[in-house]
2 protein chains.
Amino acid sequence: MTANEPVRIGRRPATDHDSVAAAALDLFWRHGFDATTTQAIADASGISRRTVFRYFPSKDDIPWGRFDENLDHLAAVLRATPPGLPLHEAVHRAVLDFNRIDAGAVAQHRVRMTLILRTPALQAHSALRYAGWRAVIAEYAAARLGLPVDAMLPRVVGHVALALALSAYERWLDDEDAALADLLDEALAGLRTYLGDRS
Amino acid sequence: MTANEPVRIGRRPATDHDSVAAAALDLFWRHGFDATTTQAIADASGISRRTVFRYFPSKDDIPWGRFDENLDHLAAVLRATPPGLPLHEAVHRAVLDFNRIDAGAVAQHRVRMTLILRTPALQAHSALRYAGWRAVIAEYAAARLGLPVDAMLPRVVGHVALALALSAYERWLDDEDAALADLLDEALAGLRTYLGDRS
DNA sequence: CAACTTATGGCACCGAGCGCCACAAGGGAA
DNA sequence: TTCCCTTGTGGCGCTCGGTGCCATAAGTTG
């Protein structure tokens, strides 16, 4: 098919999204996010500072990779869930699927998430990305429940799913050996014991 | 006692924290957060731009008021909770207390929270403030459970408490007539039905 | 009046981000 | 080949948030 060469008219890009991201992540990791200027990223990528901002809308967005495309995948997974499954279980399975990492990419993902969750500037920016993630969950929940997306329950489902995922990720960063999927299960189990607790 | 005049040495401040915040919020509300420059805030407050940054560490912090002091209050409320109360109920009561608003201040609080929750820049920045709020909850939960603060359960308790509070606030902004306390109750009830759901 | 303290203002500077425009580098049609 | 069209890049200048530094204003105490 060679569908990847649809004609190619005009000047070819000097590099690509992933290459710039890789160079930037390397700098972030070695020198810190704040200490890395966009000029340094440009130099490391062999492009100009101006062009860096054509690949990424902001410096904060660089560590997020192809998050938006992953959201489409999350939505697809949810749609493909057997409707007989209880809502909370459908959501939990989708979250597990969304956060499944190839064995070879674990180390890189750990670097990425350490930056995102422990760098204040990125921690702040992530709130905007999480909103999109929650919206996908909330829309599915709303459809399942026959409610508007802005009703209480779909909102709670979205927020709580995120709460559990973030709890699991924080534990994951603390513990070199833990598996993310186990921690996601553990977070949900923890919530159940918390609410059923009589102590 | 006249304890408010402990001696007062040196030049008197030209204004105060609350006055600057009030002037800034007015500008934010009328022209939008992004369209309001720190210079405009300085002009409206009768001080220089440089001095604005002595009252607030950043423009993003202005709408938050005296949040840190409120956190101390939240911690105190939690400590004062009868230990016989189930953990989830203690947390829920503390959250209710934390978000109790004087009848006269409701309109202003609505403005403040609308800005915070619907302005992207502030939505991002709020993640940093929420972290402090969650930490207070998590520390209390950890103490009650005899676990380290970074264990799974305290983290989940903090994150889930925030998830419910944010769900309630979003509904509150959508609904002019709703009472925040009722929405907080509703959020918690929603979570219970979600997890116990068999549909 | 002098000494000390606290708050302010102004200035220079840095870095992120954007608008604008010239130009580079490719393809296709004449 | 030559001209046109398209896409990508580089550079310039500007705005705005934020900070360090220092002079100075405005108080109190002696």
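Lettering follows sequence order; numbering is per chain, from 1. Not measured: the values here are computed from a predicted model.
Closest contact between the side chain of A:A14 and the listed nucleotides C:dA16, D:dT9, D:dC16 involves D:dT9.
For A:D43 and D:dT9, the CG to C1' distance is 15 Å, given to the nearest whole Å. Taking atom CZ on A:R49 and atom P on D:dG8, their separation rounds to 21 Å, with Å as the unit. For the pair B:K59 NZ and C:dG17 C1', the interatomic distance rounds to 14 Å; values are reported in whole Å. One atom, CD of B:Q39, and another, C1' of D:dG18, lie 14 Å apart when rounded to the nearest Å. The interatomic distance linking B:F53 (CZ) with C:dA7 (C1') rounds to 17 Å, in whole Å. In this entry the distance linking CG of B:D60 with C1' of C:dA16 reads 14 Å, nearest Å. A:I62 has its CD1 atom 11 Å from the C1' atom of C:dA16, to the nearest Å. One interatomic measurement links the two molecules: CZ of A:F28 to C1' of C:dG15, which rounds to 13 Å at whole-angstrom precision.
In this structure, A:D102 places its CG atom where only 12 or fewer heavy-atom neighbours from other residues, nucleotides or ligands lie under 6.0 Å away.
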Step by step, work out the ring pair (Phe, Tyr, Trp, His ring centres under 6.0 Å) result for A:W172 and A:Y169. CA-CA 5 Å; A:W172 187 61; A:Y169 263 106; 5.8 Å; yes
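Not a single donor-acceptor pair under 3.5 Å links the side chain of A:T51 to the backbone N or O of A:R54. With hydrogens and angles ignored, the 3.5 Å screen pairs no side-chain donor or acceptor of B:D175 with any backbone N or O of B:R171.
Pairs engaging residues 177-190 of chain B under the side-chain hydrogen bond (donor to acceptor under 3.5 Å, both in side chains) rule: B:H92-B:D185 [sequence neighbours left out].
Classified by interplanar angle (parallel below 30°, tilted 30° to 60°, perpendicular above 60°), the ring pair B:F67/B:F98 is perpendicular.
A:D43 has its side chain out of reach of A:R49: every pair of non-hydrogen atoms, C-beta onward, lies at least 4.5 Å apart. Contact of the A:F28 side chain with the A:T119 side chain is not registered, since no non-hydrogen atoms from C-beta on lie closer than 4.5 Å.
Each of A:G46 and B:D34 was assigned the nucleotide of DNA chain D with the nearest heavy atom; the assignment lying further toward the 5' end belongs to A:G46.
Note on A:Y55: only backbone sugar-phosphate atoms sit closer than 4.0 angstrom, heavy atoms only; bases stay farther off.
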Show me the protein contacts with nucleotides 28-30 of chain D, counting only N or O atoms at under 3.5 Å.
none

So which protein N/O to nucleotides 19-23 of chain C N/O distances come out below 3.5 Å?
{"unit_1": "C:dG19", "atom_1": "N7", "unit_2": "A:R50", "atom_2": "NH2", "d": "3.0"}
{"unit_1": "C:dG19", "atom_1": "O6", "unit_2": "A:R50", "atom_2": "NE", "d": "2.7"}

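At the phosphate of D:dG17, OP1 or OP2 sits under 4.0 Å from a side-chain N or O atom of B:T38. Not one side-chain nitrogen or oxygen of A:T51 sits closer than 4.0 Å to the OP1 or OP2 atom of D:dT9.
Separating the CD1 atom in A:I62 from the CD1 atom in A:I116 is a distance of 11.5 Å, to the nearest 0.5 Å.
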